[in-house]
Amino acid sequence: MLVVKALQKSYGQGQGAVLDRASFHLPRGAFAALVGPSGSGKSTLLNLVGLLDGADSGEIVIDGMRVSSLSPTEAAWLRNRLIGFVFQSFHLLSRLTAWENAALPLFHRGVGRDERKSRALAMLDRVGLSDRACHRPEQLSGGQRQRVAIARALVGEPRLILADEPTGNLDRATGLQVMDLLRELNRDLGVTILMVTHDRDMARFCDRAIEMRDGRVQPLVEVG
Ligand SMILES: Nc1ncnc2c1ncn2[C@@H]1O[C@H](COP(=O)(O)OP(=O)(O)O)[C@@H](O)[C@H]1O
Ligand SMILES: [Mg+2]
């Protein structure tokens, strides 16, 4: 469902390759950990797969669609429909309530308010936050904020969830709960997840690991 072929990326002339022929593939419904030392290119790879940045060369295919080398407008349109993002620092909008935050991808699609609200509330319920729908981020704990972000990532029924250290700002117990939730959503909804983590305990929730070193992907390891 995700094919990454020989991605090459450097951040400027004379700079070394941050990604060096990075290649891997994920079947539909996979829950993959992207692991490797700091600076090995994990976030760069995630940004390229998330259509947030362009590669110098190589190919990305999501659900049979070749998504590398799109115009910025096409990339934005596809990103909104194909991909949900979860970040280490949540990236919620502080002036919006939990349900308004969760509904943002639908807002950007032009979905009307009533449908936005009902779908966001259903997703908040799914992540165990139905009683916090009208709270603002500052009134929520870290774990609750990350649940709102997960609801936002899923509300548009994307094919792929990309998560960059989603438990990095959470204490251990809360982090494990968030991993439990991601695993449950992966199983129940069948959504494919690619998650950067440097924490072995968190990677254990995944069914495979993609290991990066110096911009290259090491052979795929099945762990589950
Ligand atoms: N926007 C950028 N401009 C220049 N260099 C960057 C940029 N982003 C990342 N890098 C460099 O690319 C390399 C890989 O970074 P990154 O993908 O963030 O690795 P990781 O997420 O594995 O820690 C690092 O050497 C980093 O300094
Ligand atoms: Mg990183």
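Start at 1 and go down the list; that is how both ligands and their atoms are numbered. Each residue takes its place number in the sequence, starting with 1. Just so you know, these numbers come straight off a predicted model, no measurement behind them.
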Task: Residue among M212, E211, M195 satisfying side chain to side chain contact (heavy atoms under 4.5 Å, CB included) with L34 - done: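 Filter result, single survivor: M212.
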TODO: Run through I161, L160, L26, V86 and flag the one making a side chain to side chain contact (heavy atoms under 4.5 Å, CB included) with I193.
DONE: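 Running side chain to side chain contact (heavy atoms under 4.5 Å, CB included) over I161, L160, L26, V86 with I193 returns exactly one hit, I161.
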Open item on the list: Quiz question for you: does at least one protein heavy atom lie closer than 4.0 Å to atom 5 (N) of ligand 1?
Closed with: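 Yes, because at least one protein heavy atom sits under 4.0 Å from atom 5 (N) of ligand 1.
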Enclosure of [X] [atom1] (heavy-atom neighbours >12, cutoff 6.0 Å):
X	atom1	answer
R159	CZ	no
R28	CZ	no
D214	CG	no

Starting from [atom], locate the nearest protein heavy atom and write down its residue, its atom name and how far away it is, to 0.1 Å.
atom	value
atom 25 (O) of ligand 1	G39 O, 4.2 Å
atom 18 (O) of ligand 1	S43 CB, 3.7 Å
atom 13 (C) of ligand 1	V18 CG1, 3.6 Å
atom 19 (O) of ligand 1	G41 N, 3.2 Å
atom 17 (O) of ligand 1	T44 OG1, 2.6 Å
atom 1 (N) of ligand 1	Y11 CE2, 3.7 Å

TODO: Would you please say whether a donor-acceptor pair under 3.5 Å links the side chains of Q88 and N169?
DONE: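 Yes - a donor-acceptor pair under 3.5 Å links their side chains.
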Open item on the list: With a 4.5 Å cut-off on side-chain heavy atoms, are K42 and L45 touching?
Closed with: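 No, side chains not in contact.
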- [ ] Would you please test F85 and L52 for side chain to side chain contact (heavy atoms under 4.5 Å, CB included) and show each step?
- [x] CA-CA 11 Å; F85 292 92; L52 295 166; 3.7 Å; yes
Open item on the list: Can you name the atoms of ligand 1, numbered from 1 with element, that are less than 4.0 Å from a heavy atom of S38?
Closed with: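 Those atoms are 23 (O).
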Task: Contact atoms of ligand 1, heavy-atom distance to P37 under 4.0 Å - done: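 Checking each atom against P37, I get 22 (O).
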TODO: Look at ligand 1 and say whether G36 reaches it with a heavy atom at a distance under 4.0 Å.
DONE: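 Not so, G36 does not reach ligand 1.
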TODO: Return yes when G215 approaches ligand 1 closer than 4.0 angstrom through a heavy atom, no otherwise.
DONE: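 Contact absent.
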Task: the Mg ion (ligand 2) to nearest N/O/S of S43 below 2.8 Å - done: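 Yes - counting backbone and side chain alike, S43 has an N, O or S atom under 2.8 Å.
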